[in-house]
J.: 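A single structure is presented below for examination.
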Amino acid sequence: MGEEKSKIESIREWVVEHKLRTVGALWASGIVGSMAYNWSQPNMKTSVKIIHARLHAQALTLAALAGAAIVEYYDHKTGAKAERVAKFLDLNEHKQRE
């Protein structure tokens, strides 16, 4: 029997495979969340609300990129990335032979 992956491990693998989607989703949720919060503030001009939303989303995006870099570093240190690349290259070899 193969060992089952934990929920956190499967999420980590998905993030590793879909880094740009993860960062983009965090950016979009940052914009939406910040806009929702800023629109609840009555004494601000619309332009200031939009600028604040953009700044909050940028900060969240930088945090997401830093997190993706940490995951990449962890994979490099543990050798998980090398295993994925080897598996990918092996799959391509089999496809070319067919």
Side-chain angles (χ1 to χ4, degrees):
M1 286 187 201
E3 58 186 69
E4 289 192 33
K5 296 176 187 171
S6 69
K7 179 97 169 155
I8 293 175
E9 182 66 23
S10 62
I11 290 171
R12 190 191 67 76
E13 283 184 12
W14 189 89
V15 169
V16 167
E17 294 295 323
H18 303 94
K19 287 182 192 86
L20 291 178
R21 282 185 185 175
T22 304
V23 172
L26 281 170
W27 175 82
S29 65
I31 284 281
V32 170
S34 185
M35 291 289 275
Y37 172 75
N38 284 330
W39 245 260
S40 70
Q41 307 299 315
N43 297 331
M44 259 196 254
K45 291 170 65 176
T46 302
S47 61
V48 174
K49 292 176 183 180
I50 291 171
I51 290 169
H52 282 189
R54 185 185 61 84
L55 290 173
H56 294 146
Q58 277 183 320
L60 189 59
T61 301
L62 286 175
L65 286 171
I70 290 168
V71 168
E72 189 71 23
Y73 176 77
Y74 174 77
D75 279 352
H76 181 71
K77 281 296 223 187
T78 60
K81 185 173 184 176
E83 291 172 11
R84 262 196 334 273
V85 170
K87 193 160 93 175
F88 176 76
L89 293 175
D90 193 36
L91 287 174
N92 280 344
E93 246 179 57
H94 285 111
K95 286 181 181 178
Q96 288 176 354
R97 289 182 188 165
E98 292 176 352

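Bear in mind the structure is a predicted one, so any value in this text is a computation, not a measurement.
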J.: Could you tell me which non-hydrogen atom of His52 sits nearest to which non-hydrogen atom of Ser34, and how far apart they are?
T.: O-OG, 3.7 Å
J.: Do any side-chain atoms of residues 39-48 form donor-acceptor pairs under 3.5 angstrom with protein atoms, and if so which ones, sequence neighbours left out?
T.:
from, atom 1, to, atom 2, distance (Å)
Ser40, OG, Tyr37, O, 2.5
Gln41, NE2, Tyr37, OH, 3.4

J.: Which atom pair, heavy atoms only, marks the closest approach of Ala64 to Leu26?
T.: CB-CD1, 3.3 Å
J.: Do you know which two heavy atoms are closest between Lys49 and Met35, and how far apart they sit?
T.: O-SD, 4.3 Å
J.: Return the set of residues passing side chain to side chain donor-acceptor pair (under 3.5 Å) with Thr61 (not counting sequence neighbours), or none when no residue passes.
T.: none
J.: Any idea which heavy atoms bring Ala57 and Ile31 closest together, and the distance?
T.: CB-CG1, 3.4 Å
J.: By the rule that ILVMFWY residues connect when side-chain heavy atoms come within less than 4.5 angstrom, directly or transitively, which residues belong alongside Ile51?
T.: Leu55
J.: Linking Ile, Leu, Val, Met, Phe, Trp and Tyr through side-chain heavy atoms less than 4.5 Å apart, which residues share a cluster with Val23?
T.: Leu65
J.: With His18, which residues qualify under side chain to side chain donor-acceptor pair (under 3.5 Å), at least two apart?
T.: Trp14
J.: Could you give all pairs that pass the side chain to side chain donor-acceptor pair (under 3.5 Å) test and reach residues 20-29, with sequence neighbours left out?
T.: none
